[in-house]
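Note sheet for the following structure.
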Amino acid sequence: MTDESAGDDGEQAARTLDALSAERRKKRDVLADQGIDPYPSRFDRTATAAELHQRHDDLEADVRTGEIVRMAGRLTSIRGHGRLSFATLQDVSGSVQLLMQDSVLSEQAKLVLAHFDLGDWVGVEGEAITSRRGELSVDVRELWLLSKALRPLPDKWHGLAETDTRYRQREIDLLANPESRRVFDIRFRTIAALRRQLVSEDFIEVDTPILQPQAGGALARPFKTHSNALDIDLNLRIAPELYLKRLVIGGYERVFEMARNFRNEGIDTRHSPEYTGLEAYRAFGDVNDGMDLTERLVLEAARSATGRLNFTIGGRAIDLTPPWPRRQLLDWLEELVGRRLHPTDPVEDVRTVCESHGVPFLPEWGSGKLIFELYDSILLPTVVDPVFVCGFPVEVSPLARHSEDDPTLADRFELAIDGKEFTNGYSELNIPEEQQERFRGEAEAAAHGDLEAHPADQAFVRALEYGLPPTSGIGVGVDRLVMLLAEVEAIRDVILFPIMRPEATG
RNA sequence: GCGCCUCUAGCUCAACGGCAGAGCAACGGACUCUUAAUCCGCAGGUUCCGGGUUCAAAUCCCGGGGGGCGCACCA
């Protein structure tokens with residue numbers, strides 16, 4: 001082919017890959033020249049691999065069923081024996097062995113077989129049989145190319161290992177690494193289970209704005225964008241919370257939304273700038289109903305996606321068996337630091353506790369925020385099995401109702417598992433004046449440079465003035481739940497196409 | 001943002017100052033019951049990029065890039 005033509009530096013890097021691709025392209029073109037369409041528009045399948053196994057896995061060796069099936073999938077391996085070849089056909093449900101005998105194949109099938117490569121999509125027609133070794137196979141008589149793989153697949157045994165490529169080209173990861181398929185199967189089953197459970201409890205699925213003039217509903221830094229038509233700056237939402245509560249005000253007593261939130265913050269094994277959040281709001285409920293609902297949702301997801309309640313992540317065993325303990329944050333912290341803390345404590349006192357436990361803090365933080373930091377730094381990491389931590393300072397809960405018996409504490413919980421927050425929920429603050437007051441406090445924090453202060457949302461306050469019934473709300477980190485159920489440690493392993501720097505262009 | 005690790009054939013990995021190699025995939029050939037098929041043969045490289053040290057650099061040093069992990073902030 002091309003000789004080493006010096007100076008042609010741009011095209012030399014991919015020379016060997018080009019050669020492999022050219023080989024495959026050539027085979028495709030040979031078939032086309034023989035009148036075989038290498039990209040047919042459709043194919044009728046009569047069985048998937050799983051269906052075939054279900055029907056025939058109990059057969060003895062060397063049996064012919066007489067059943068003619070048409071199957072389709074990707075060819076992932078071939079074992080040639082001269083005029084007899086075995087191959088593996090992989091479809092969405094699993095894989096099945098193909099038996100291809102010269103004496104059985106049609107002329108066209110032989111031609112296709114002679115020009116196929118690992119990775120090609122093919123359709124086959126043949127009799128379901130078992131081989132002499134007893135493996136269920138299709139004794140192929142007709143073989144169609146459905147689409148050519150012009151690039152070679154990763155090593156069939158070792159798969160694809162480089163994380164960079166696995167994330168950037170997830171399609172290769174999925175087709176080459178069964179482990180990756182397993183993880184995402186669990187993800188999709190988890191999402192389906194959460195949705196099914198909520199719908200069965202009469203929650204209505206809604207969709208609220210992602211483009212928001214003000215990014216509210218959580219304490220986080222947003223991504224900024226711009227509307228050309230309106231000539232205004234917009235934010236990608238950090239949470240749907242405020243809009244969902246407005247729907248409750250509007251009369252939808254049970255609503256949920258499961259969709260992407262965006263937070264312009266650090267990326268690590270448990271944080272992704274775009275992640276899937278589930279928020280559910282239920283009129284006439286309180287914080288305890290939120291915990292009950294959370295427990296039902298997580299257990300149903302675990303049961304439905306994995307059939308198990310016991311998991312192991314990084315060597316740590318986690319047991320989801322209910323009921324999960326509900327502990328007061330201040331009680332627990334008292335055990336850990338040896339003294340009773342309270343949001344009304346002088347800030348100097350709480351700072352001292354932080355210092356003695358190596359918890360860094362900023363001068364503008366009040367006692368409530370400091371207590372929350374202690375929770376985050378010294379309590380949360382000790383959690384293994386699920387536990388509901390209840391009673392967070394109002395100072396760090398601008399949208400939560402204050403407790404009946406302590407106005408500085410919110411009726412709020414977090415579900416902690418394996419050192420991570422999985423769910424945050426509370427009795428919703430529905431007193432307009434108090435909400436207005438909380439927003440004022442946040443505005444003050446913003447004025448002092450807090451980039452994550454909650455912006456005052458007057459449309460939300462106005463909505464509250466029409467009356468929000470007593471309401472229980474929860475927010476679930478769906479990706480983290482999937483991480484637990486799939487037993488993986490990196491959030492990127494449960495996100496199909498995690499955000500990456502753009503690939504360098506030559 | 002700071003620290004540590006990593007980048008070699010399409011894929012998985014060796015070589016760690018002295019000729020850049022193996023397995024799989026590819027290519028040519030043998031083989032009608034294999035399943036990581038086997039056997040014979042043959043090819044395949046800007047060792048992430050740029051500079052430096054050296055008789056000699058994939059290897060050591062400096063700078064840059066991609067990725068991972070840890071620390072700090074958020075879920």
Side-chain angles (χ1 to χ4, degrees), chain A residues 4 9-10 12-24 26-27 61-62 76-88 95-104 117-119 129-137 139 149-168 172 176-177 218-221 238-239 261 263-273 275-277 359-362 372-373 376-377 380 414-416 420-424 450-452 475-481 483 489-492 498 500-506:
Chain A
E4 290 152 7
D9 45 18
Q12 287 191 347
R15 196 192 319 168
T16 51
L17 176 58
D18 281 349
L20 293 169
S21 286
E23 196 71 47
R24 288 166 177 250
K26 200 171 83 188
K27 290 185 202 170
D62 210 5
T76 56
S77 80
I78 183 149
R79 302 171 290 282
H81 293 263
R83 281 177 292 283
L84 163 71
S85 297
F86 294 94
T88 304
S95 60
V96 68
Q97 176 166 273
L98 304 180
L99 181 70
M100 295 182 285
Q101 309 184 72
D102 238 33
S103 51
V104 174
D117 287 289
L118 290 182
I129 63 163
T130 53
S131 69
R132 283 176 206 164
R133 291 289 168 81
E135 174 153 356
L136 180 63
S137 310
D139 189 12
L150 294 178
R151 290 173 179 268
L153 265 46
D155 186 290
K156 67 183 173 192
W157 186 244
H158 299 96
L160 181 66
E162 207 169 80
T163 50
D164 185 5
T165 313
R166 290 208 304 118
Y167 295 152
R168 287 187 198 278
I172 313 178
N177 295 333
L219 308 177
R221 295 163 67 178
I238 56 176
N261 297 328
R263 300 195 178 178
N264 207 345
E265 291 164 352
I267 303 174
D268 60 33
T269 43
R270 56 185 68 169
H271 297 92
S272 168
Y275 72 98
T276 301
V359 176
F361 53 84
L362 297 175
F372 183 81
E373 288 302 310
D376 231 25
S377 305
L380 194 54
E414 286 197 358
L415 170 64
K420 292 191 280 284
E421 176 194 339
F422 273 68
T423 303
N424 183 15
D450 185 350
L451 295 170
E452 288 165 3
V476 181
V478 173
D479 309 276
R480 288 183 177 180
L481 178 55
M483 288 166 68
E489 292 200 83
I491 197 168
R492 288 182 156 187
M500 306 278 279
R501 268 179 217 286
E503 291 180 75
T505 49

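Quick note on labels: first sequence line is chain A, next is B, and so on, each numbered from 1. Only heavy atoms go into these numbers, but all of them, side chains included; no hydrogens, no water, no symmetry mates.
Within the 4.0 angstrom heavy-atom criterion, no nucleotide atom of any strand lies near A/Thr88. If you check every strand for non-hydrogen atoms under 4.0 Å, A/Ser131 touches a base. Backbone-only engagement by A/Glu373 is indicated by non-hydrogen atom pairs under 4.0 Å involving sugar-phosphate atoms exclusively. Using a 4.0 Å heavy-atom criterion, one finds that A/Lys27 contacts the sugar-phosphate atoms exclusively. Using a 4.0 Å heavy-atom criterion, one finds that A/Arg480 contacts the bases of the nucleic acid, with or without backbone contacts as well.
Residues A/Leu160 and A/Glu421 each lie close to RNA chain B; by heavy-atom proximity, the contact nearer the 5' end of the strand is made by A/Leu160. Between A/Ala490 and A/Ile267, the residue anchored nearer the 5' end of RNA chain B, judged by the nucleotide with its closest heavy atom, is A/Ala490.
Atom P of B/C62 sits at a distance of 11 Å from the matching atom of B/C4, rounded to the whole Å. Between B/C27 and B/C69, the distance separating the two P atoms is 37 Å to the nearest Å. Here the separation of B/U35 from B/A22, taken at their P atoms, is 25 Å to the nearest Å. B/G66 and B/C55 have their P atoms separated by 35 Å, given to the nearest Å. Straight-line distance between the C1' atoms of B/C48 and B/C7: roughly 6 Å, to the nearest whole Å. To the nearest whole angstrom, the two P atoms, one in B/A14 and one in B/C74, are 40 Å apart. Across B/G67 and B/C73, the matching C1' atoms stand 22 Å from one another, rounded to whole Å. Going from the P atom of B/U38 to that of B/G21 covers 24 Å, rounded to whole Å.
For A/Thr276, the side-chain contact (heavy atoms from CB on, under 4.5 Å) partners at least two apart in sequence or on another chain are A/Arg187, A/Met258, A/Arg260, A/Val478, A/Asp479. With sequence neighbours excluded, the residues satisfying salt bridge (Lys or Arg N to Asp or Glu O under 4.0 Å) with A/Arg166 are A/Asp173, A/Asp493. In this structure A/Pro498 satisfies the side-chain contact (heavy atoms from CB on, under 4.5 Å) test together with A/Tyr167, A/Arg170, A/Arg492, A/Ile495, sequence neighbours excluded. Listed by chain and number, the residues in a ring pair (Phe, Tyr, Trp, His ring centres under 6.0 Å) with A/His158 amount to none (sequence neighbours excluded). Qualifying ring pair (Phe, Tyr, Trp, His ring centres under 6.0 Å) partners for A/Phe86, counting only residues two or more places apart in sequence or in other chains: A/His81. Scanning for salt bridge (Lys or Arg N to Asp or Glu O under 4.0 Å) contacts around A/Glu135 gives an empty result, with sequence neighbours left out. Taking A/Lys27 as the reference, A/Glu23, A/His115, A/Asp117, A/Lys148 meet the side-chain contact (heavy atoms from CB on, under 4.5 Å) condition, with sequence neighbours excluded. Shown here are the side-chain contact (heavy atoms from CB on, under 4.5 Å) partners of A/Asp62, two or more places apart in sequence or in another chain: A/Arg132. Residues satisfying the salt bridge (Lys or Arg N to Asp or Glu O under 4.0 Å) criterion with A/Glu489, sequence neighbours excluded, are A/Arg316.
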All N/O pairs under 3.5 Å across the protein-nucleotides 36-39 of chain B interface:
unit_1	atom_1	unit_2	atom_2	d
B/A36	N1	A/Trp157	NE1	3.3
B/A37	OP1	A/Lys156	NZ	2.3
B/A37	N7	A/Gly80	O	3.2
B/A37	N6	A/Gly80	O	2.4
B/A37	N1	A/His81	ND1	3.3

Could you pull out the protein-nucleic contacts involving nucleotides 47-50 of chain B (nitrogen or oxygen on both sides, under 3.5 Å)?
none

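The closest donor-acceptor contact from the side chain of A/Arg221 to the backbone of A/Arg263 lies at 3.5 Å or more, if one exists at all. Without hydrogens or angle criteria, A/Ser131 side chain to A/Gly134 main chain gives a donor-acceptor distance under 3.5 Å.
Here the C1' atom of nucleotide B/C71 and the CZ atom of A/Arg270 are 12 Å apart, to the nearest Å. Going from atom CD of A/Glu162 over to atom C1' of B/G65 covers 14 Å, rounded to whole Å. For A/Arg132 and B/U35, the CZ to P distance is 14 Å, given to the nearest whole Å. If you measure from atom CG of A/Leu380 to atom P of B/C74, you get 12 Å, rounded to the nearest angstrom. Regarding A/Tyr167, its OH atom lies at a distance of 19 Å from the P atom of B/U6, rounded to whole Å. Atom CG in A/Asp268 sits about 9 Å away from atom P in B/C69, given to the nearest Å. Atoms OH (A/Tyr275) and P (B/C74) sit 14 Å apart, rounded to a whole Å. Distance, A/Asp18 CG to B/A43 C1': 16 Å, rounded to whole Å.
In this structure, of B/C74, B/C11, B/U32, it is B/U32 that holds the atom nearest to the side chain of A/Gln101. Which of B/A75, B/C73, B/A26 sits closest to the side chain of A/Glu23 comes down to B/A26. Closest to the side chain of A/Glu135, from the set B/U35, B/C33, B/A25, is B/U35. Among the nucleotides B/C27, B/U32, B/U35, the one closest to any side-chain atom of A/Leu84 is B/U32. Distance from the side chain of A/Leu99 is smallest to B/C33 among B/U32, B/C33, B/A75.
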Dot-bracket assigned to RNA chain B with the 3.5 Å Watson-Crick/G-U criterion, [ ] for crossing and | for other-strand pairs, is (((((((..((((....[..))))..((((.......))))......(((((..]....))))))))))))....
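Contact annotation: A/Arg501 side-chain N/O to B/G66 OP1/OP2 distance is under 4.0 Å. Look at A/Lys420 and you won't find any side-chain N or O under 4.0 angstrom from OP1 or OP2 of B/C74. The side chain of A/Thr269 places no N or O atom within less than 4.0 Å of a non-bridging phosphate oxygen (OP1 or OP2) of B/C69.
Side-chain contact check for A/Gln97 versus A/Thr88: every heavy-atom pair is 4.5 Å or farther apart. Counting heavy atoms from C-beta on, the side chains of A/Leu160 and A/Thr165 come closer than 4.5 Å.
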From CA spacing to verdict: side chain to side chain contact (heavy atoms under 4.5 Å, CB included), A/Phe422, A/Val476 | CA-CA 6 Å; A/Phe422 273 68; A/Val476 181; 5.7 Å; no
